[in-house]
Amino acid sequence: MAKRKTIDGELGEERVTRRSTRGRTVKEEVVDEEMIVEKVKAKDTVKTKGMAVKKSPIKDEESESKEEVKKTETLPAKTNGTAPSAPGERQHWLLKAEPESRLEKGHDVKFSIDDLAAKSVPEPWDGIRSYAARNNLRAMKKGDLAFFYHSSCKTPAIVGVMEIVQEHSPDLTAQDPKAAYYDPKDTDPSNPRWSVVHVEFREKFSNPLTLRELKDMQGSWKEISEMQLLKQSRLSVTGVTGGEWEFLMSVIKKREKGDVKEEM
DNA sequence: GCCAACGTTGGC
DNA sequence: GCCAACGTTGGC
């Protein structure tokens, strides 16, 4: 995911960006893992951005380290679906990004499914600044699948699928004062507060499943009556249970086929 | 630890 | 632009 519009810009480097909660992404340099590792260790800068759920400035660090760690920090966001936990099984998620341009500290955080599809290297999903969302990022395993959801736009909808190709690593964009989602509280080098996971595009649906449709189906289909997305509308990174994933994919595929909309 | 005020997200 | 949901802050 990533990024925004950078698509044209620099190519050589590739920058990546990501998204975040609400928005989406920003760009940054592309980094590969090695770079990431290095950055993580050494420096601090990344410049990119991310947004995401931002949260607020949290309390101070100490608190963060302590209490926060306890409570918020550790639990995967609520209940929902996080993923199946059976060993070896893939977990499923839903990540939101904003497909329409919006400036955050001077950076356009736009990041759509098409932006992700255009990437040639794993995209860091950065900018997440909500503990519940970040905890979900940290619970992701390589190989997990996630719905790409367009938010804060004309037609909020699940528009495609991506795969988690690299588990969490520090989101150093939080430490870059110029980044869209800079977090002044994230100052302890030994304990980066925010995380990213790297994702790769897998598919774009010809017929997106809109939020409106999801809500309409929610009442009559028990399979999705408890979806975290629908119960915690502000969370930008939510869990999707195996049953929810299977149900939604079947609905999506069915409509793709003949484009029959089954309105459930 | 409770809770009111306040800020943000995100759909509409 | 409005507003509901929800998280954080900070007084007590």
Side-chain angles (χ1 to χ4, degrees), chain A residues 1 4 18-26 49-82 93-113 115 125-138 146-159 171 173-174 179-187 193-195 208-219 224-240 248:
Chain A
M1 54 223 43
R4 60 191 310 353
R18 89 223 25 326
R19 95 209 60 357
S20 57
T21 314
R22 74 252 270 277
R24 67 256 30 351
T25 345
V26 177
K49 91 313 262 55
M51 79 173 26
V53 172
K54 27 193 59 246
K55 66 178 357 245
S56 43
I58 312 177
K59 6 183 112 221
D60 37 314
E61 298 213 322
E62 306 184 16
S63 23
E64 199 212 356
S65 346
K66 317 184 167 181
E67 356 194 321
E68 221 173 36
V69 174
K70 307 184 174 160
K71 2 180 105 181
T72 326
E73 236 175 51
T74 311
L75 347 153
K78 295 202 149 203
T79 331
N80 221 4
T82 307
W93 312 91
L94 181 148
L95 308 197
K96 300 179 180 180
E98 300 176 41
E100 296 174 3
S101 290
R102 184 174 66 78
L103 295 182
E104 183 76 31
K105 289 184 62 181
H107 297 82
D108 186 351
V109 297
K110 159 181 164 3
F111 192 68
S112 69
I113 184 77
D115 292 326
W125 199 270
D126 58 26
I128 299 299
R129 301 290 181 268
S130 148
Y131 288 105
R134 178 260 251 159
N135 291 340
N136 275 340
L137 287 181
R138 291 185 176 180
F147 281 129
F148 191 116
Y149 178 92
H150 281 171
S151 68
S152 293
C153 57
K154 174 91 59 100
T155 306
I158 290 175
V159 300
D171 181 355
T173 64
Y181 298 103
Y182 169 59
D183 175 6
K185 298 280 189 64
D186 186 14
T187 58
R193 184 173 298 213
W194 306 113
S195 302
L209 186 59
T210 69
L211 174 61
R212 175 55 183 279
E213 292 172 319
L214 281 168
K215 288 181 171 177
D216 288 346
M217 291 189 279
Q218 189 178 22
I224 57 168
S225 63
E226 301 297 308
M227 261 193 95
Q228 190 170 23
L229 168 73
L230 302 174
K231 301 191 120 187
Q232 288 179 264
S233 64
R234 299 195 314 163
L235 233 200
S236 61
V237 179
T238 57
V240 174
L248 295 177

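So that the names make sense, note that chain A is the first sequence line, chain B the second, and so on, each numbered from 1.
Between Leu209(A) and Met217(A) there is a side-chain heavy-atom pair separated by less than 4.5 Å. Leu95(A) places none of its side-chain heavy atoms less than 4.5 Å from the side chain of Ile128(A).
When distances run from any side-chain atom of Tyr131(A) to the nucleotides dG10(B), dG11(B), dT8(C), the shortest one goes to dT8(C).
Between Arg134(A) atom CZ and dG7(C) atom C1' the separation is 15 Å, expressed in whole Å. Put simply, NZ on Lys215(A) is 11 Å from C1' on dA5(C), counting in whole angstrom units. Remark: P of dT8(B) and NZ of Lys105(A) are 14 Å apart, rounded to the nearest angstrom. dG10(B) atom C1' lies 10 Å from atom CG of Leu211(A), rounded to whole Å. Protein atom CZ of Arg234(A) is 12 Å distant from nucleotide atom C1' of dC6(B), rounded to whole Å. Nucleotide dG11(B) holds its P atom 12 Å from the CZ atom of Arg102(A), rounded to whole Å. The interatomic distance linking Lys96(A) (NZ) with dG10(B) (P) rounds to 5 Å, in whole Å. The interatomic distance linking Tyr149(A) (OH) with dG10(B) (P) rounds to 9 Å, in whole Å.
Counting any heavy atom pair closer than 4.0 Å across all strands shown, Lys154(A) reaches no nucleic acid atom.
Using a cut-off of 4.0 Å between Lys/Arg side-chain N and Asp/Glu carboxylate O, Glu100(A) and Arg102(A) are scored as not salt-bridged.
Ring geometry for Trp194(A) against Tyr131(A) counts as tilted: the plane angle lies between 30° and 60°, on a 0 to 90° scale.
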